[in-house]
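Here's the structure, in structure tokens; my notes come after.
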Amino acid sequence: MDSQQTIIIPVPPLFNFQECLWFLNRNYDDCLHVVTETAVFKAIATPFGDVLFRVGEQGTFVKIDLLQGDSGPECRDYLTRYVRDWFDMDRDLAPFYGYLKRDSRLAYMAEDFAGLRLMGISDMFEALCWSIIGQQINLTFAYKMKRRMVEQYGRHIEWNNQVFHIFPEPEILANAEVEVLRGMQFSQKKAEYVIGAARAFTEGTLSRSLIEALPDFDSRQKALVAHKGIGIWTANYVLMKTFRAPEGIPHGDVGLLNALVGHGIIGARSEKEKIEAFFHDYAGWETYVTFYLWRSLAVKPLA
DNA sequence: ATCCAGGGGTCAC
DNA sequence: GTGACCCATGGA
């Protein structure tokens, strides 16, 4: 009985749960999961209904505990795949670490961030909305806006006197009003973009399966950028987080550029050819090195 | 007040 | 395709 509510997954080499957990927490207030010292709680919508689960570590296993919702075998399989994807557990990082260690500027990352995985956002609609919200504003503020939107439009699960939020469905946000989002400090355009994205999903002109069906990175990027409010940065962010496309470099990203300057890889933000050369050296791992550079921007608080 | 923040759209060339 | 310019909304 109890065993049916627990799933264990052997951890792959070069995997460090605590590093991943720390990234999920950082110093931001993400409303879509709750991180403790040893675990992360998350509620999601599944084909089997809303589910609340906890991901922790047990020896050399990642352990998923089902706390609320369907615990049948199909749902457990779904959650297993979900967590494997979320933590990018099926990737062999050895080649990437090979590149890092040959790069004197970034070699320290292979030690300091050892086992950190590129944390994904498997729900493309969520990834898209989040990247629209995050355009050109600081992350602290972006997380606040996301929280207001999720609390207003999303479902939630209550468990142990705590609330766990689920990202809103496109059908709900498609009928949201710009004025309401403006009240949550969305700019006019940002409100229009999010609602527009939700309508594209409900109308079927945009979906994960549509993008997935396209043959290559360029056509996927192109299909995304065709929508209002989605530029290269936003499209590539989605391709990185949802589809895990290695080429999904968030070109022009302020954090990325700051990290490149900070590591002496470029002298100024405008040095486009040096940036290109840098990513050429990490071919196949462009988004991973971007993720690690983002990670380098966040300083771990002293114990 | 000033500059910055995990950009996008428009419009000329 | 590229670059200049404008836009929005807080944070520090």
Side-chain angles (χ1 to χ4, degrees), chain A residues 22-32 109 113 116-121 124 126-149 177-200 206 218 221-263 265-266 268-273 275-276 278-279 282 286-299:
Chain A
W22 188 85
F23 187 87
L24 287 177
N25 201 21
R26 289 186 283 168
N27 29 10
Y28 298 114
D29 175 36
D30 195 323
C31 60
L32 294 178
M109 292 180 166
F113 310 150
L116 172 66
R117 300 284 164 151
L118 200 171
M119 302 304 293
I121 303 176
M124 178 182 148
E126 177 193 329
L128 182 52
C129 291
W130 173 232
S131 58
I132 290 171
I133 290 172
Q135 290 167 1
Q136 188 61 20
I137 58 174
N138 68 74
L139 279 177
T140 303
F141 178 47
Y143 278 108
K144 278 187 195 169
M145 292 169 69
K146 182 169 87 165
R147 174 176 288 280
R148 292 184 186 123
M149 191 183 84
E177 296 195 16
V178 171
E179 283 312 310
V180 178
L181 292 177
R182 296 222 59 191
M184 301 174 183
Q185 295 178 286
F186 280 62
S187 67
Q188 177 77 26
K189 289 297 181 191
K190 212 162 268 202
E192 290 171 4
Y193 295 162
V194 168
I195 293 170
R199 291 191 175 152
L206 185 55
D218 288 345
Q221 183 191 68
K222 205 170 175 182
L224 287 167
V225 171
H227 295 264
K228 286 283 184 196
I230 305 179
I232 297 287
W233 181 89
T234 304
N236 284 8
Y237 183 88
V238 170
L239 291 167
M240 171 198 320
K241 298 287 271 188
T242 300
F243 297 94
R244 301 186 171 288
E247 316 94 315
I249 303 163
H251 295 288
D253 180 86
V254 181
L256 170 60
L257 292 173
N258 286 344
L260 289 172
V261 171
H263 286 85
I265 293 164
I266 58 175
R269 292 184 180 185
S270 55
E271 294 177 354
K272 220 174 166 183
E273 60 300 320
I275 297 172
E276 200 175 323
F278 169 73
F279 280 113
Y282 283 88
E286 294 93 328
T287 49
Y288 245 94
V289 75
T290 296
F291 191 74
Y292 271 51
L293 286 166
W294 278 342
R295 167 64 185 82
S296 75
L297 295 171
V299 181

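Labels below follow one simple rule: chain letters A, B, ... track the order of the sequence lines, proteins then strands, and each chain is numbered from 1. Below, each value reflects all heavy atoms present in this structure, side chains not excepted, and no hydrogens, waters or symmetry copies.
Residue A:T234 places its side chain closer to B:dG7 than to any other of C:dA8, C:dG11, B:dG7.
A salt bridge links A:R147 to A:D29: at least one charged side-chain nitrogen sits closer than 4.0 Å to a carboxylate oxygen. Using a cut-off of 4.0 Å between Lys/Arg side-chain N and Asp/Glu carboxylate O, A:D30 and A:K146 are scored as salt-bridged.
Put simply, NZ on A:K190 is 8 Å from C1' on B:dG7, counting in whole angstrom units. The CG-P distance, from A:L224 to B:dG7, rounds to 17 Å in whole Å. Between the P atom of B:dT10 and the CD atom of A:E192 lies a distance of 11 Å, rounded to the nearest Å. One interatomic measurement links the two molecules: CD of A:Q185 to C1' of C:dC7, which rounds to 17 Å at whole-angstrom precision. Atoms CD (A:Q221) and P (B:dG8) sit 11 Å apart, rounded to a whole Å. The CZ atom of A:F141 sits 14 Å away from the C1' atom of C:dA12 (whole-angstrom rounding). A straight line from NE2 of A:H227 to C1' of B:dG9 spans 16 Å, rounded to a whole angstrom. With rounding to whole Å, A:Q188 atom CD is found 15 Å from B:dG9 atom P.
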Set out, in order, the CA-CA distance, both residues' side-chain angles and the distance that settles ring-ring contact (aromatic ring centres under 6.0 Å, His included) for A:W22 and A:F113, then state yes or no.
CA-CA 10 Å; A:W22 188 85; A:F113 310 150; 8.4 Å; no
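Where A:R148 and A:Q135 each meet DNA chain C at their nearest nucleotide, the meeting point lying more 5' is that of A:Q135.
With hydrogens and angles left out, the side-chain atoms of A:Q135 and A:T234 include a donor and acceptor closer than 3.5 Å.
Nucleic acid contact class of A:S131 (heavy atoms, under 4.0 Å, all strands): none. Using a 4.0 Å heavy-atom cutoff across all strands shown, A:I132 reaches no nucleic acid atom at all. Among the heavy atoms of the strands lying under 4.0 Å from A:K228 are primed sugar atoms or P, OP1, OP2 only; no base atom is included.
In this structure, the side chain of A:Y28 does not engage the main chain of A:Y143 through any donor-acceptor pair within 3.5 Å.
Residues satisfying the side chain to side chain donor-acceptor pair (under 3.5 Å) test with A:Q221, not counting sequence neighbours, are A:N236.
Between A:Y288 and A:F291, the ring-plane angle classifies as perpendicular under the 30° and 60° cut-offs.
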Please list each protein N or O that sits under 3.5 Å from an N or O in nucleotides 3-5 of chain B, with the distance.
residue, atom, partner, partner atom, Å
B:dA5, OP1, A:N258, ND2, 3.1
B:dA5, OP2, A:R269, NH2, 3.0
B:dA5, N7, A:Q136, NE2, 3.3
B:dA5, N3, A:Q136, O, 3.2

